[in-house]
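Right, one structure below, let's go through it.
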Protein chains: 2
Amino acid sequence: MLKYALLGFLNYQPYTGYELKQTMDVSTANFWHAKQSQIYMTLKKLEAGNLVTSEIEPQEGRPNRRVYTITQAGRSDLQSWLSKPITQLEPHKETLLLQLFFSARQDKATLLTQLRLLRDLHQQQVKHYKIETKAVVQDFAASTGLGKDALLWDATRRFGEQFEAMTVRWLDETIAMIEETF
Amino acid sequence: MLKYALLGFLNYQPYTGYELKQTMDVSTANFWHAKQSQIYMTLKKLEAGNLVTSEIEPQEGRPNRRVYTITQAGRSDLQSWLSKPITQLEPHKETLLLQLFFSARQDKATLLTQLRLLRDLHQQQVKHYKIETKAVVQDFAASTGLGKDALLWDATRRFGEQFEAMTVRWLDETIAMIEETF
DNA sequence: GAATACATGTAAAATGTTACATGATTTT
DNA sequence: AAAATCATGTAACATTTTACATGTATTC
């Protein structure tokens with residue numbers, strides 16, 4: 001899957017592995033992230049499969065850059081993935097829910113403290129989406145002039161914002177339930 | 001992490017690997033799932049670490065069962081994990097958002113078809129949580145008499161229900177946005 | 001003087017998925 | 001007669017994380 005994140009970005013313009021990591025960190029990281037080392041390895045695999053090519057750009061006083069460019073085969077592969085509809089939902093993993101599921105014998109006060117702390121973390125995330133992520137989307141849109149793209153980028157941002165807001169509401173309900181009935 | 005899911009269940013009673021898989025499939029699978037083979041391997045590791053013990057129960061006309069029991073060390077490990085608060089959020093992966101992010105050049109009609117199909121899938125999931133999962137929680141509560149546990153199990157169920165409902169709302173907004181502005 | 005940014009990579013370990021292998025009993 | 005259930009496991013592969021390894025230039 002990281003494969004398609006990388007091809008997706010390379011479909012706009014050539015990038016180095018380092019730049020791809022930075023770009024992902026301020027854009028797709030909210031719903032698709034990767035470590036630097038994994039990006040380098042995946043790019044190597046993509047090149048082995050002729051989906052991208054690379055060339056080294058020498059630099060002075062800095063390490064050389066390896067710049068990757070998508071190939072025609074890469075564009076086809078990306079296109080084919082994009083047009084393939086999702087027909088079944090993938091299961092999620094939520095550590096928080098796993099913990100909560102087994103917490104019936106935990107101390108009530110401790111449990112409440114943990115959940116309140118988490119509530120604040122998620123509340124911060126709501127702000128993060130409303131402010132930082134919002135700004136990034138607008139900057140991208142202004143600098144690239146990609147209107148349609150910006151609308152979809154903002155749709156993914158709204159998903160994040162609404163997910164976090166929903167989580168805060170759910171935590172509030174859950175905290176209230178534990179306060180009352182435990 | 002699967003480690004703690006298994007210890008969590010074994011903290012109630014002994015289970016075989018097969019039974020753990022079945023139990024997870026109707027309970028935690030919504031937020032934590034695993035393949036049968038991974039469960040067997042993880043149990044083996046837990047036994048090597050003395051967090052569980054196992055003994056073989058011979059059966060006639062059926063394969064023998066290997067029944068796992070949690071040890072005192074296992075209970076301590078679980079307890080220590082349960083009391084450790086989550087201080088930083090883990091990043092999520094959402095294939096749908098990744099696809100959407102790069103879909104600006106896709107055909108409008110095709111994109112709308114894909115999103116509407118997905119909307120229906122998530123709508124079904126809302127029902128799944130409201131009916132099937134709800135019933136499982138109530139059955140567990142009734143048969144085990146674990147009142148506190150059932151309240152927390154239902155809290156995780158509500159998270160799923162609310163997540164799916166939020167996703168349906170977001171898809172409706174996104175579909176409307178694409179219909180109007182693309 | 002210390003930290004961050006720039007820039008690349010390898011290696012080991014952990015985690016998770018898919019495929020293979022077996023075989024009786026029960027249900028459809 | 002075919003499919004599902006019960007029950008265990010191994011092996012290969014893919015994915016992801018963590019740690020290791022290097023070195024200059026710029027910013028605080």
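Every chain is numbered from 1 and lettered A, B, ... according to where its sequence line falls, protein lines coming before strand lines.
Place P63(B) and P63(A) on DNA chain D by their nearest nucleotides, and P63(B) ends up nearer the 5' end.
Heavy atoms from other residues, nucleotides or ligands lying under 6.0 Å from NZ of K108(B) number more than 12.
With hydrogens and angles disregarded, no donor-acceptor distance shorter than 3.5 Å links the side chain of K130(B) to the backbone of E161(B). With hydrogens and angles ignored, the 3.5 Å screen pairs a side-chain donor or acceptor of S76(B) with a backbone N or O of Q72(B). Judged purely by atom type and a 3.5 angstrom limit, K134(A) has no side-chain atom pairing as donor or acceptor with the backbone of Y129(A). When atom types are taken as modelled, the side chain of N64(B) and the backbone of I56(B) share no donor-acceptor pair closer than 3.5 angstrom. Listed for the Q162(B) side chain is no donor-acceptor partner under 3.5 Å among the backbone atoms of F159(B). The closest donor-acceptor contact from the side chain of E47(A) to the backbone of S54(A) lies under 3.5 Å.
Annotation: ring pair (Phe, Tyr, Trp, His ring centres under 6.0 Å) contacts involving residues 66-88 of chain B, sequence neighbours excluded, comprise Y4(B)-W81(B).
Among the atoms of the strands shown, only primed sugar atoms or phosphate atoms (P, OP1, OP2) are found under 4.0 Å from some heavy atom of Q22(A).
Considering every non-hydrogen atom in both L46(A) and K3(A), the closest pair reads CD2-CG, 3.6 Å.
By the ring-ring contact (aromatic ring centres under 6.0 Å, His included) test, F140(A) is found to be paired with W153(A), residues two or more places apart in sequence or in another chain being considered.
With respect to the salt-bridge test (charged N to carboxylate O, under 4.0 angstrom), the residues E179(A) and R116(A) qualify. Look at E55(A) and R66(A) and you find no salt bridge, because none of the NZ, NE, NH1 or NH2 atoms lies under 4.0 Å from a carboxylate O.
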Every protein N/O within reach of nucleotides 26-28 of chain C N/O, cut-off under 3.5 Å:
none

| message | Using a 4.0 Å heavy-atom cut-off to protein, can you give one letter per nucleotide of nucleotides 10-15 of chain C, 5' to 3': B if the base is in contact, S if only the sugar-phosphate is, - if neither? | response | B----S
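Put simply, the residue from F31(A), F9(A), W32(A) that forms a ring pair (Phe, Tyr, Trp, His ring centres under 6.0 Å) with F102(B) is F9(A).
Reading DNA chain D from its 5' end, the first and the last nucleotide to sit under 4.0 Å from a heavy atom of chain A are dT15(D) to dA25(D).
Following rounding to the nearest Å, Q36(A) (CD) and dC6(C) (C1') show an atom-to-atom distance of 10 Å.
Using a 4.0 Å cut-off on heavy atoms, the residues of residues 24-35 of chain B that approach DNA chain C are H33(B), K35(B), listed by number.
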